[in-house]
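One structure below.
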Amino acid sequence: MKKYTPICANFPHFLHGGDYNPEQWIQTPEIWETDMKLMKEANCNEMTVGIFSWAEIEKEEGKFDFSWLDTIMDKIYENGGRVILATPSGARPQWLAEKYPEVLRVLPNKQRIECGYRHNHCYTSPIYREKVRIINEMLAERYAKHPALAGWHLSNEYNGACYCSLCTEKFQEWLREKYSNDIEKLNHAWWTRFWSHRYDKFEQINPPKESEMGGEGGTNGLNLDWKRFVSDQTIDFAQKEAESIRKYSDKAITTNCLGIYAGYDHRKMAKCLDVYSNDFYPAWFKGTEAEAKAVAFVCALCRGMKDGKPFMVMESAPGINIWGMNFRKIKTTGQQILEAFLYIANGADTLQYFQWRKGRGSGEKFHGAVVDHYGGTDNRVFQTVKKIGSYLKKMDGVIGTGIEAQVAITYDYDTRWALDGEAEIKWSSRKNGYQKMTNAFFYALWEQNIAADIIGYDTDFSKYKIVCLPVPYLMDEKIATKIKTYVEKGGTIIATYLTAVANDTDLCYLGGVPGAGLRELFGLRVDEVDNYEEEGCVYQNHVQYQGKEYPVESIAEEIIAEGATPLAWYQQGEHKGNPAVLENRYGKGKAYYIGFAGNDTFLYDFMKTLLQQTNMHPDSEFTAQKGVHIMHRQGDGQHYYFVLNCTDDTKEVTLHKKLWNLLEEKEETGVMKLAPCGVKIYYEQKKEN
Ligand code: GLA
Ligand code: ZN
């Protein structure tokens, strides 16, 4: 495979730095001088500036002062660094809210908030959009050609929803367009004859509410369309921000996304960005192995956002991360280093922190930073960052390399919204079920050192040998056809319980589940859905697969085979002896159906067999002990193997050939020891086929 173009074309190195708030030190510019010295000393080469600077740039409406920002941009450049410049829409000056209250977000109970906190503006307000456009264009025009500029950072962690009248009207307009201005189309799609909820006109429709708040909340189609609308409106806001920058600058545009946050469709957001970036805050106190795989999952999600293209780690915590002013358990030095390389091993091309320097006051003064209140360099966090920076300097060649995965797992935001929505009406087993099941597939492969991509339904399936569809409850007929074609041509699909139950407005399919024409693909029909997870349930069930028993954790579907071959059977209850897992040949491929929610061991064993059958193995260059994970990045014939000890114990890995140890700069072969959280990167050049 070919290398991807670097994020920053004229700076093909790992950007290593992070959020810098020089405006908080505007009265002590000597701190700025110190920052420059420390930045070099920490082996950092990047600063993300301007995220929350609006009040310092536009103190009065229409009066702009960029002088301090000019100084900072120049200083960083003179120091050999680069800047990711942010648009300031994440928080607004007091005067703006005072003069134009419509920019302030309205809560579901219709209460307008006061100015404060952040990330709480109305995404619809024409005034807010205009004020953001003006300052963005001024920033873009002024700094487009500045030699320090490496790229753009739109706003900050877009999130949330607004319930003001402007947003409500916009929602109605969005619905009018979606349902061709035909209220009866909407009434059918939302099944509103239920409980007499029929609408006579679009003007009657309000955003959904939690049931305690009164109003409408039990119409699944409404809930789902509201999530789609909020997502579209957030992305439209971001898109407009991007347009105001693109008018003057051709540098890469991104925004810092939020991992598995589902307030908007990240895949759609990614389309208006040149590069995808994410903020990572792993909770290492939960255990090294558990967190490492959770990080790898989010990395795979990020990588999939732009079809495998490397992404940016826009934020991560140097040292502790503080939420709600609680000190957290510190990370070990090993965990901090492992974290850095987990990102890169899994497809990141930058390493940035929140934050460069701790502020003296307000909400994040105790949050981990490269520079502590202490101000010196002889502290553990500073020294660790410096060490990581020294490693990154040896890794320019990794930039632009990709990961060639042969397995993909789908992750669809509409499906997640629909399933989370069902949880709200207390179908408890589905709560977080989508996330859990998607993770479970990924972890089963991670444990076997098989790389997996997390993809959307719009991704080309044909490059994968196996595509896993965790809980594909919501199924559009077009997607169903795409899945069938993929299998017909030789692909392998694995789907789980609750496959194609409902269409895209959450109307259940008639004529048997899986719906949307997928019954023939899987060669079966689901009769009943049982659930063992109910509070107070005294019954248990198990599934027997290849002579081993696995517990049913929640859902257990009663399945009637219609041509499919059973591979596993229920052991108890009403379903005793009936199939729980089935295989069906379809065209040149195979479709597997897992009808129950089991534990991780089942999925591990099931995938293991399937990987053997499809002739898929981990990289043959290594044999690693359990807990050691190997990720392989490549491009233009250059191969980088990241060997990561994701445990707190010493582990061994055997190299079956001579490889170049990139960080220690020597050739190695045979049995190697890896310290707890230890990382090694091996390099080799191969001929491209
Ligand atoms: C988020 C924000 C940052 C900062 C960090 C603290 O990710 O984007 O501004 O508040 O959290 O962890
Ligand atoms: Zn609003």
Side-chain angles (χ1 to χ4, degrees), residues 17-21 23-24 47-54 84 86-92 97 100-113 117-130 132 153-174 206-207 226 229-230 232-234 236-237 254-261 263 277-284 298 312-328 331 339 352-359 361-370:
D19 282 28
Y20 179 40
N21 304 304
E23 69 275 20
Q24 291 180 17
M47 293 283 172
T48 311
V49 182
I51 302 178
F52 296 114
S53 303
W54 197 340
I84 301 282
T87 68
S89 64
R92 73 206 69 82
Y100 307 105
E102 73 159 54
V103 306
L104 296 168
R105 193 168 284 183
V106 168
L107 305 174
N109 66 4
K110 298 286 176 203
Q111 181 202 340
R112 196 177 290 279
I113 59 161
Y117 287 101
R118 57 175 180 173
H119 308 153
N120 51 15
H121 52 273
C122 169
Y123 285 122
T124 308
S125 159
I127 293 173
Y128 200 62
R129 283 174 170 239
E130 178 60 4
V132 169
H153 177 294
L154 300 179
S155 200
N156 194 63
E157 294 186 337
Y158 291 114
N159 68 77
C162 174
Y163 294 77
C164 77
S165 54
L166 292 169
C167 287
T168 305
E169 278 161 30
K170 192 79 194 166
F171 178 45
Q172 292 163 356
E173 195 184 309
W174 184 96
N206 274 309
W226 170 251
F229 163 74
V230 170
D232 282 3
Q233 196 65 353
T234 307
D236 183 65
F237 188 92
T254 190
T255 187
N256 49 339
C257 296
L258 277 162
I260 58 167
Y261 169 72
S277 66
N278 192 64
D279 294 347
F280 289 86
Y281 290 98
W284 290 110
V298 178
M312 299 173 79
V313 173
M314 192 55 87
E315 291 181 23
S316 61
I320 52 169
N321 164 21
I322 285 188
W323 292 102
M325 298 308 289
N326 291 319
F327 282 95
R328 271 193 174 177
K331 298 176 195 176
E339 182 181 323
Q352 291 149 276
Y353 307 105
F354 179 87
Q355 52 191 340
W356 166 255
R357 176 185 278 280
K358 287 182 184 174
S362 287
E364 291 179 331
K365 61 180 181 292
F366 296 127
H367 192 290
V370 182

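As the structure is a prediction and not an experimental result, all values here were calculated from the model. Numbering of ligands and ligand atoms starts at 1, following listing order. Heads up: numbering here begins at 1 and tracks the sequence.
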Is it true that Arg118 lies under 4.0 Å from ligand 1, counting heavy atoms only?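 Contact check Arg118 vs ligand 1: positive.
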
Could you tell me, atom by atom, which parts of ligand 1 come under 4.0 Å of a heavy atom of [X]?
X      : value
His367 : 6 (C), 12 (O)
Glu157 : 1 (C), 2 (C), 7 (O), 8 (O)
Phe52  : 9 (O)
Asp279 : 7 (O), 8 (O)
Glu364 : 4 (C), 5 (C), 6 (C), 10 (O)

How long is the gap from CZ on Phe354 to CD on Glu157, to the nearest 0.5 Å?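 It comes to 9.5 Å.
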
May I ask you to test the Asn321-Glu315 pair for a side-chain heavy-atom distance under 4.5 Å?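 No, their side chains stay 4.5 Å or more apart.
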
Between Gln352 and Met314, is any pair of side-chain heavy atoms under 4.5 Å apart?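 Gln352 reaches Met314 side chain to side chain.
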
Top protein contact for atom 11 (O) of ligand 1, by heavy-atom distance: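 For atom 11 (O) of ligand 1, the nearest protein heavy atom comes out as Trp323 CH2, 3.5 Å.
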
Give the residue and atom name of whichever protein heavy atom lies nearest to atom 3 (C) of ligand 1, and the separation in Å to one decimal.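 That would be Glu315 OE1, 3.3 Å.
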
Relative to each other, are the rings of [X] and [Y] parallel, tilted or perpendicular (30° and 60° limits)?
X      : Y      : value
Tyr128 : Trp54  : tilted
Phe52  : His119 : tilted
Phe229 : Trp174 : perpendicular

Pick one of side chain, backbone, both or neither for how Asn156 approaches ligand 1, counting any non-hydrogen atom pair under 4.0 Å.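 Answer for Asn156: side chain.
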
Of the backbone atoms (N, CA, C, O) and the side-chain heavy atoms from C-beta on, which set of Asn321 has a member under 4.0 Å from an atom of ligand 1: side chain, backbone, both, or neither?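 The side chain, only.
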
Can we say Arg129 and Asp236 salt-bridge, meaning some charged N sits less than 4.0 Å from an Asp/Glu carboxylate O?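 Result for this pair is yes, salt bridge flagged.
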
When you compare the side chains of Trp284 and Glu339, does any donor N or O come within less than 3.5 Å of an acceptor on the partner?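 Note: Trp284 and Glu339 side chains meet the donor-acceptor criterion.
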
Only to 10 degrees, please: what angle do the SG atom of Cys167 and the SG atom of Cys162 make about the Zn ion (ligand 2)?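 Reported to 10°, the angle equals 110°.
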
